[in-house]
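None of these values were measured; they are calculated from a predicted model.
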Amino acid sequence: MTTELARKFKDSNRGVYFIGTTPPRNTIEDDTQLNEIGQKLLDRLGQIEVDGLIVYDIQDESSRISKPRPFPYMQTHDPLDWSKRLQTLAIKPVITYKSVSSRSEAEFNQWLNTAWEDYGIRDIVLVGSPSSEGDIALPLNKAYEALQNNKHDFNLGGVTIAERHAAKGDEHLRLVNKTLAGCDFFVSQAVYNPQATADMLSQYARACRENGETPKRVILTFTPCGSEQTLSFMEWLGISVPDATKFRILDSANPLDESIKICRSALEQIIEVALPLGIPLGLNIESLTNRKEEIDASINLYKLLKATLDLKLAEQNLI
């Protein structure tokens, strides 16, 4: 089975555009209230055109880093529930993240069957453990094997982290190996260091060329940043923010507007590297906080970056 998104991903002449969101905290139990939260999100999206939504599977990542979390960790509703609710309300495809490390292979297989048969989920991204420390019941590579043996034909994506490439220099090989494991697209961590992303993508394109393969779609994530606390949270999440960028945001009279300009510049730099190398791109715009001004800024950021990528693609298609 080929999903609507899978068909779009294969058309290298077009971009694909998403809004990333997290399920509500699990202390909200009223079904009507949950629908209202979902509808409020979709009302914000009424002014923009999206190909779909991305629903994250939020985990407690305190094992990954010794620094305290700038925002408290709160458990959320099951991403399957939230994905199905949004898919029903929006009549749009939803990519659902699944963290695989804490469950056994049998439990993961049950999740796959439930996601497909009971929730109508077709597009997924699998995420491994945030840290090599602790008890990992199911490593990511074993989850990929289990998925290949499952009876359902999901449209599978993987995560890519340019910061990991800057540190270890091998993220492009992870993309190649994840493709061999069944991934047909990738979603990046939020970009604030475009050089790290450009380096990774250029090496990925070179590896594909050497292997006689076509690069898979890479969906670049961007997020606005309007405060020092949001910036601290970004860095806690592992997002690389160069000092000059950090000071541009913090010293600006309007940090949110400045962060949007920075994101547009970052996208333009990545486009100049990726498109000539034949790497199809997409965008995923998220707000890392529930502050209204940052949520509103994410919509403005979406409009600007979508227009930027659409224009570059149109120019390329004319050549």
Side-chain angles (χ1 to χ4, degrees), residues 1-3 5-10 12 16 18 54-57 59 79-80 83 93-116 121-132 136-165 167-189 197 200-221 274 277-282 284:
M1 173 186 174
T2 302
T3 70
L5 291 181
R7 288 191 292 273
K8 288 182 177 180
F9 290 170
K10 291 188 187 309
S12 61
V16 290
F18 295 88
I54 294 179
V55 171
Y56 300 117
D57 186 3
Q59 302 295 308
L80 287 182
S83 293
V94 176
I95 296 173
T96 306
Y97 272 49
K98 173 59 177 172
S99 178
V100 302
S101 61
S102 63
R103 305 291 178 124
S104 69
E105 184 171 332
E107 289 173 314
F108 176 59
N109 265 308
Q110 182 58 50
W111 182 90
L112 291 171
N113 294 336
T114 299
W116 185 284
I121 302 301
R122 301 292 182 265
D123 307 277
I124 59 174
V125 169
L126 301 186
V127 183
S129 173
S131 166
S132 58
I136 300 174
L138 184 64
L140 185 58
N141 63 324
K142 294 295 183 183
Y144 286 142
E145 289 177 14
L147 179 59
Q148 287 186 332
N149 293 325
N150 188 273
K151 61 186 175 182
H152 300 302
D153 186 19
F154 286 92
N155 180 34
L156 174 65
V159 171
T160 181
I161 301 174
E163 285 81 355
R164 197 160 53 193
H165 187 77
K168 298 181 178 180
D170 64 352
E171 187 70 8
H172 62 296
L173 299 178
R174 292 174 190 259
L175 299 187
V176 171
N177 290 334
K178 286 181 179 181
T179 298
L180 293 173
C183 288
D184 275 322
F185 66 95
F186 297 99
V187 183
S188 82
Q189 182 168 263
T197 300
M200 178 193 72
L201 292 179
S202 62
Q203 285 192 260
Y204 172 54
R206 179 180 287 262
C208 288
R209 192 163 60 245
E210 290 172 351
N211 295 336
E213 302 289 342
T214 301
K216 298 296 185 181
R217 173 85 58 173
V218 177
I219 299 167
L220 302 167
T221 300
L277 293 174
I279 301 174
L281 296 178
N284 170 43

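- Remark: F154 engages W116 in a ring-ring contact (aromatic ring centres under 6.0 Å, His included) (not counting sequence neighbours).
- For F185, the ring-ring contact (aromatic ring centres under 6.0 Å, His included) partners at least two apart in sequence or on another chain are F9.
- No donor-acceptor pair under 3.5 Å is formed between the side chain of N284 and the backbone N or O of I219.
- The backbone N or O of I161 lies less than 3.5 Å from a partner atom in the side chain of E171, making a donor-acceptor pair.
- Nearest heavy-atom pair across A6 and T2 is CB-CG2, 3.8 Å.
- With sequence neighbours excluded, no residue satisfies ring-ring contact (aromatic ring centres under 6.0 Å, His included) with F108.
- Using modelled atom types, no side-chain atom of N150 and backbone atom of A146 make a donor-acceptor pair closer than 3.5 Å.
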As a quick check of understanding, evaluate side-chain contact (heavy atoms from CB on, under 4.5 Å) for N155 and D184, giving each step before the final call. CA-CA 7 Å; N155 180 34; D184 275 322; 4.1 Å; yes
Determine whether L147 and L112 satisfy the following criterion, side-chain contact (heavy atoms from CB on, under 4.5 Å), listing intermediate values before the conclusion. CA-CA 8 Å; L147 179 59; L112 291 171; 3.7 Å; yes
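- Contact detail for L140 and G128: the closest heavy-atom pair is CD1-N, 4.0 Å.
- Residues L126 and L156 are in side-chain contact: their nearest non-hydrogen atoms beyond the backbone lie under 4.5 Å apart.
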Using the rule given for side-chain contact (heavy atoms from CB on, under 4.5 Å), can you reason through V127 versus D57, listing the C-alpha separation, both sets of side-chain angles and the distance that settles it, and then say yes or no? CA-CA 9 Å; V127 183; D57 186 3; over 6 Å; no
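- S202 approaches L277 most closely through the heavy-atom pair CA-CD1, 3.7 Å.
- One N or O on the side chain of Y204 and one on the backbone of K216 form a donor-acceptor pair closer than 3.5 Å.
- Listed here is the closest heavy atom pair of V159 and R164: O-NH2, 4.2 Å.
- When atom types are taken as modelled, the side chain of S188 and the backbone of T221 share a donor-acceptor pair closer than 3.5 angstrom.
- Evaluation of the ring-ring contact (aromatic ring centres under 6.0 Å, His included) rule for Y97 yields Y56 as partners, not counting sequence neighbours.
- Residue-environment remark: CZ (R103) stays at or below the threshold of 12 foreign heavy atoms within 6.0 Å.
- Q148 places a side-chain N or O within donor-acceptor distance of the main-chain N or O of A181, the cut-off being under 3.5 Å.
- The two residues F186 and L175 come nearest to each other via the heavy atoms CZ-O, 3.4 Å.
- Residues satisfying the side chain to side chain donor-acceptor pair (under 3.5 Å) criterion with T114, sequence neighbours excluded, are Q110.
- Nearest heavy atoms, P215 versus P280: O-CD, 3.7 Å.
- Applying the salt bridge (charged side-chain N to carboxylate O under 4.0 Å, His left out) definition to pairs two or more places apart or across chains, none involves residues 204-215.
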Evaluate V176 against H172 for side-chain contact (heavy atoms from CB on, under 4.5 Å), listing each step before the verdict. CA-CA 6 Å; V176 171; H172 62 296; 5.8 Å; no
